[in-house]
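Take a look at the structure below.
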Amino acid sequence: MPSLGRLHLITDTRPGRGPLTVVRAALGVAGPELVVQVRVADDATDREAYELALRIRELCAAADATCLVNDRLHVALAVGAAGGHVGADDLPVAAARRVLGPQAVLGATAREPVTAARAVDAGASYLGVGPCHATTTKDGLPPPIGPDGVRAVAEAVPVPVVAIGGVTAATVPALRAAGAYGVAVVGALSAAADPARATADLLAALR
């Protein structure tokens with residue numbers, strides 16, 4: 001598996017957002033330290049997902065950064081991404097591993113130790129754990145687990161734990177102290193007035 005950056009940027013394709021602009025700004029600051037996870041709305045077509053993922057994969061390649069695709073693993077394969085990420089309603093982790101192959105990066109979502117351990121046993125190479133804090137980026141999420149929830153998962157698995165959900169530069173130190181390898185963000189960058197500065201702040205907090 002390729003080395004995994006500690007800052008994960010999940011694309012925000014909601015109306016009024018500019019995912020490519022945000023990705024370019026973040027890559028310009030973070031370079032290889034960035035992982036970009038291409039996530040599109042459920043109603044986006046595969047063609048739309050493919051075209052966005054292809055452009056982002058090309059941007060990541062130029063910056064030596066990692067590109068992953070959320071959910072649509074056939075799109076990840078089609079654009080030559082480094083791997084993908086599956087959530088609770090996506091393909092099971094073992095099936096996703098068979099689709100992507102043994103060398104790909106495969107993330108899985110977890111929020112408590114038992115399911116986290118199962119995901120790792122099934123082939124997950126890292127875990128997205130949360131939501132850590134309240135967030136309005138995604139609807140229908142369970143209650144936040146906080147740093148203590150992150151710690152419980154991090155102590156139960158041997159793979160990197162990436163904290164997600166309402167993450168800001170101010171909350172990163174507590175998450176790192178709880179055992180998070182890195183953090184994943186959406187709004188902290190997509191809603192920032194200066195995504196490059198916000199990226200630098202997050203990286204500084206991670207270090």
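Residues satisfying the side-chain contact (heavy atoms from CB on, under 4.5 Å) test with A44, not counting sequence neighbours, are V40, E48, R72. With sequence neighbours excluded, no residue satisfies salt bridge (charged side-chain N to carboxylate O under 4.0 Å, His left out) with D90. Remark: R17 pairs with D12 by the side chain to side chain donor-acceptor pair (under 3.5 Å) rule, at least two apart or across chains. The side-chain contact (heavy atoms from CB on, under 4.5 Å) check on V162 picks up H8, Y126, A184, with sequence neighbours excluded. The side-chain contact (heavy atoms from CB on, under 4.5 Å) test applied to L20 returns R24, L52, R55, I56, L59, not counting sequence neighbours. The side chain to side chain donor-acceptor pair (under 3.5 Å) search around T199 returns none, not counting sequence neighbours. E112 is linked by a side chain to side chain donor-acceptor pair (under 3.5 Å) to T115, counting only residues two or more places apart in sequence or in another chain. The side chain to side chain donor-acceptor pair (under 3.5 Å) search around D71 returns none, not counting sequence neighbours.
Linking ILVMFWY side-chain heavy atoms closer than 4.5 Å, directly or via other members, places V183 and V157 in a single hydrophobic cluster. When the side chains of ILVMFWY residues are joined at heavy-atom separations under 4.5 Å, either directly or via intervening members, V129 and L202 end up in a single hydrophobic cluster. In the hydrophobic clustering of ILVMFWY residues, with side-chain heavy atoms under 4.5 Å counting as a link, L127 and V105 come out apart. Residue V75 is not grouped with residue V86 when hydrophobic side chains (ILVMFWY) are merged at heavy-atom distances under 4.5 angstrom, including chains of intermediate members. A continuous path of Ile, Leu, Val, Met, Phe, Trp and Tyr side chains, each step under 4.5 Å between heavy atoms, connects V36 with L203, placing both in one hydrophobic cluster.
Atoms CD and CG, from Q37 and N70 in turn, are 4.5 Å apart once rounded to the nearest 0.5 Å. Distance CG/L34 to SG/C60: 6.5 Å, rounded to 0.5 Å. Going from atom CG of L27 over to atom CG of D64 covers 10.5 Å, rounded to the nearest 0.5 Å. Atom CG of L106 and atom CG of L73 lie 7.5 Å apart (nearest 0.5 Å). Between atom CG of residue L7 and atom CG of residue L189 there is a gap of 6.5 Å, rounded to the nearest 0.5 Å. Once rounded to the nearest 0.5 Å, the distance linking CZ of R39 with CD1 of I10 reads 5.0 Å.
Residue pairs meeting the salt bridge (Lys or Arg N to Asp or Glu O under 4.0 Å) criterion with at least one partner in residues 25-38, sequence neighbours excluded, are E33-R207. Listed by first and then second residue, the ring pair (Phe, Tyr, Trp, His ring centres under 6.0 Å) pairs that reach into residues 16-41 come to none, sequence neighbours excluded.
When every heavy atom of V159 is checked against every heavy atom of S125, the shortest pair comes out as CB-O, 3.5 Å. What you find for V22 and S190 is that their closest heavy atoms are CG2-CA, 4.0 Å. Among all heavy-atom pairs drawn from A108 and V93, the shortest one is CB-CG2, 3.7 Å. Scanning both residues, G128 and H85, for their nearest heavy atoms gives N-CE1, 4.0 Å. G31 and A65 make their closest contact through O-CB, 3.3 Å (heavy atoms, listed as atom of the first residue, atom of the second, distance). Here the shortest heavy-atom pairing between P19 and T13 reads CG-CG2, 4.2 Å.
A donor-acceptor pair under 3.5 Å is formed between the side chain of R176 and the backbone N or O of L206. Between the side chain of R97 and the backbone N or O of A124, no donor-acceptor pair lies under 3.5 Å.
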Side-chain donor-acceptor pairs of residues 141-156 under 3.5 Å, sequence neighbours excluded:
{"unit_1": "D148", "atom_1": "OD1", "unit_2": "R151", "atom_2": "NH1", "d": "3.0"}

Donor-acceptor pairs under 3.5 Å, side chain of residues 163-171 to any protein atom, not counting sequence neighbours: which ones?
{"unit_1": "T168", "atom_1": "OG1", "unit_2": "A170", "atom_2": "N", "d": "3.3"}
{"unit_1": "T168", "atom_1": "OG1", "unit_2": "T171", "atom_2": "N", "d": "3.4"}
{"unit_1": "T171", "atom_1": "OG1", "unit_2": "T168", "atom_2": "N", "d": "3.0"}
{"unit_1": "T171", "atom_1": "OG1", "unit_2": "T168", "atom_2": "O", "d": "3.0"}

**Asked** Would E58 and V79 count as a side chain to side chain contact (heavy atoms under 4.5 Å, CB included) if you check the C-alpha gap in whole Å, the side-chain angles of each, and the deciding distance to 0.1 Å?
**Response** CA-CA 9 Å; E58 290 170 346; V79 302; over 6 Å; no
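In this structure, T21 and P195 have side chains that are not in contact, with every pair of non-hydrogen atoms separated by 4.5 Å or more.
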